[in-house]
Q: 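Dropping the structure in here first, questions after.
The structure presented is a predicted model; accordingly, all values stated were derived computationally and were not measured. The figures here come from the full heavy-atom set of this structure, side chains too, leaving out hydrogens, waters and symmetry mates. Note that ligands are numbered from 1 as they come in the structure, with each ligand's atoms numbered from 1 the same way. In what follows, residues are counted from 1 in the order of the sequence shown.
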Amino acid sequence: MSDATFDPRQAQAAPIATIAAGVRAGKLRARAVAEAYLERIEREDAALGCYVRVDAEGARRSADAVDAAVAAGRDPGALAGVPLGIKDIFCTKGVETTCASKILRGFVPPYESTVTARLAGAGAVSLGKLNMDEFAMGSSNENSAAPVGVVKNPWSLAHVPGGSSGGSAAAVAASLCAGATGTDTGGSIRQPAALCGVVGIKPTYGRVSRYGVIAFASSLDHPGPFARTVEDTATLLEVMAGADPLDATSIPQPVGAYAKAARAGRQGESPLQGVRVGVPDEYFAAGMDGEVETAVRAALDELARAGAKLVPVSLPHTKYAIATYYLICTAEASSNLARYDGVKYGQRAPDARSLEDLYTRTRGEGFGREPKRRIMLGTYVLRAGYYDAYYGKALRARRLIADDFAAAFTKCDVLVTATSPVPAFRFGERMGDPLQMYLADILTVAPNLAGIPALAQPCGFTKAGLPIGLQIMGPPLGEESCFRVGGAYEARTQWHERRPLDAAARTS
Ligand code: GLN
């Protein structure tokens, strides 16, 4: 691969490992890779709205630093020259960070999140900040208050990309970056990955530091990576993960060999010999789209052909997951969002007559409908007199849900289900009914409540050409099992090789 032939569209020709190896060997300049991606963003992103801010200057500066390190014989890092997009929930020093909210417009963090610092330290090049649902609340990106508007699904512009990390998933799908960061509080990495036909993982709670990640619901927030393949995703996670003294909930255990696990899945005829794949009945319930169910059942058959043993399991408290999640996440959000008062961050309502007036006007004007709805719900469930009936009860249900998983993992090594019960839906289809929108997360919220890892990857397309996603959950710190099974599935199928059309070729 030489500079002259580098083309971000050739996804298969340029996986993350190939870009990094080319740059490290001095065969490919990080600057040339960055320019190719910046040019592609310029051409393609007007129709998609993935980036809220392209940081061309910053990207060129980091790419040049990588090239200079190579020229000087210094190690530029494992991700040398790999171009990434960063969800706008990660604080980036000196670069405006808004969480796609009006209330944070103009907020330029004085510090860097641990995740972005680690990625940059490994030589990755940030191309800019990616669009999302405001404060990561949503499943469709329709809650974004970013001036660029909402993100479109690159497979069909009439359909949502999923949320809240819709900008990350769509940017990876459309080759507007080689990989991206996201956060997953109830499905926000996996659901958009499924709807856009890319790979994403929500790791074990505490595996990736939350330092410098704007908080939505602290006990449920999980930062993680997106990429086009299982191995690329594993490679990114290896750099992002690890103990961090700046996050008290970060896990001290050493980081696993994730990329190696992904590759192990590709070895031999029966790479999954001895692996027990649990199939939870409750995840194939009514309301699931027929084409999604067919694709997921076919994926299970493929895993069996790869040597895995399929084991029926039960997660009996699944039916409480959505209610439990929305009680806990709104309670935590109402408390986390109390800090945006016009004094410390971003926007401040002008001409306030008193302190209270400043608070109410800043918050009234700055927050969109969904954060307001959640602040009200959360304040209600935490109210004296209701706390036990709602929040306390939700905590008890959370324990039962986690216990279900612990019991299932005595019978199997991973659990395999669909990621989203439906393919991408149309803009406007669920916006009028918040409950319908909340139900989009029915298959993804339980792993957040239990803190277990869950990988999402493509496993088919509908007749209309929309991606379908598979979900592989593991026990706490079982990321390697997820990557091994995901790697084996990917090696035996071609779904991850399909790419959406470019703007010039699109008709709708
Ligand atoms: N869609 C879910 C919600 O609206 C999950 C969001 C997330 O994971 N950040 O809360």
Q: Out of all atoms in ligand 1, which are within 4.0 Å of some heavy atom of Ser164? Include the element for each.
A: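 So the answer, numbered in order with elements, is 9 (N).
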Q: Checking a contact table here: which protein heavy atom is nearest atom 7 (C) of ligand 1, and how many Å away?
A: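 Among all protein heavy atoms, the one nearest atom 7 (C) of ligand 1 is Ser188 OG, 2.4 Å.
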Q: Should Thr318 and Asp404 be marked as a side chain to side chain donor-acceptor pair (under 3.5 Å) after you check the CA-CA gap, both sets of side-chain angles, and the distance that decides it?
A: CA-CA 9 Å; Thr318 300; Asp404 277 358; 5.0 Å; no
Q: Can you tell me how far the CG atom of Leu84 sits from the OG atom of Ser126, to the nearest 0.5 Å?
A: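 If we round to the nearest 0.5 Å, Leu84:CG and Ser126:OG are 7.5 Å apart.
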Q: Is it true that the NZ or CZ of Arg396 lies under 6.0 Å from the centre of Tyr320's six-membered ring and within 45 degrees of the ring axis?
A: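 Judged by the rule, Arg396 and Tyr320 form no cation-pi pair.
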Q: Take every heavy atom of Met437, measure it against each atom of ligand 1, and state whether any distance is under 4.0 Å.
A: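 So Met437 does not count as touching ligand 1.
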Q: Ala136 heavy atoms, cut-off 4.0 Å: which ligand 1 atoms fall inside?
A: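 Taking each heavy atom of Ala136 in turn, ligand 1 has 6 (C), 7 (C), 9 (N) under 4.0 Å.
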Q: Using heavy-atom distances only, which candidate in Pro192, Gly138, Gly186, Ser140 approaches atom 8 (O) of ligand 1 most closely?
A: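 Comparing heavy atoms across Pro192, Gly138, Gly186, Ser140, the nearest one to atom 8 (O) of ligand 1 lies in Gly186.
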Q: Should you measure from each heavy atom of Phe216, which atoms of ligand 1 turn up under 4.0 Å away?
A: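 Answer, ordered by atom number: 9 (N), 10 (O).
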Q: Would you mind running through ligand 1 and noting each atom that sits below 4.0 Å from a heavy atom of Tyr325?
A: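 The list of qualifying atoms is 2 (C), 3 (C), 5 (C), 6 (C), 10 (O).
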Q: Only one of Asp441, Asp184, Thr185 passes side-chain hydrogen bond (donor to acceptor under 3.5 Å, both in side chains) with Asn448; say which it is.
A: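 That would be Asp184; it is the only one of Asp441, Asp184, Thr185 passing the side-chain hydrogen bond (donor to acceptor under 3.5 Å, both in side chains) with Asn448.
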Q: Heavy-atom pairs closer than 4.0 Å: do any link ligand 1 to the side chain of Arg374, the backbone, both, or neither?
A: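 The answer is the side chain of Arg374.
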Q: Does some non-hydrogen atom of Asp184 fall short of 4.0 Å from ligand 1?
A: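 Right, Asp184 reaches ligand 1.
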Q: About how many Å separate OG1 of Thr181 and CE of Met240, when rounded to the nearest 0.5 Å?
A: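 Here the rounded value is 6.0 Å.
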Q: Does even one non-hydrogen atom of Gly163 get within less than 4.0 Å of ligand 1?
A: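 Contact absent.
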Q: Tell me whether ligand 1 is touched by Tyr438 - counting only heavy atoms on the residue side and a distance under 4.0 Å.
A: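 So Tyr438 does not count as touching ligand 1.
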Q: Atom 3 (C) of ligand 1: which protein heavy atom is closest, and how many Å away?
A: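 It is Tyr326 OH, 3.3 Å.
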Q: With a 4.0 Å cut-off, would you call Arg374 and Glu370 a salt bridge?
A: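 Yes, this pair counts.
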Q: Check for me whether the distance between the ring centres of Phe135 and Tyr340 falls short of 6.0 Å.
A: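 Yes, the ring centres sit under 6.0 Å apart.
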Q: Salt bridge check, Glu96 against Arg53: does any charged N sit closer than 4.0 Å to a carboxylate O?
A: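 Salt bridge present between Arg53 and Glu96.
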Q: What's the shortest heavy-atom distance between Pro467 and Ala194, and which atoms?
A: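 Smallest heavy-atom distance, with atoms named: CB-O, 3.5 Å.
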Q: With heavy atoms under 4.0 Å as the rule, classify the contact between Asp441 and ligand 1 as side chain, backbone, both or neither.
A: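 It is the side chain that touches ligand 1; the backbone stays farther off.
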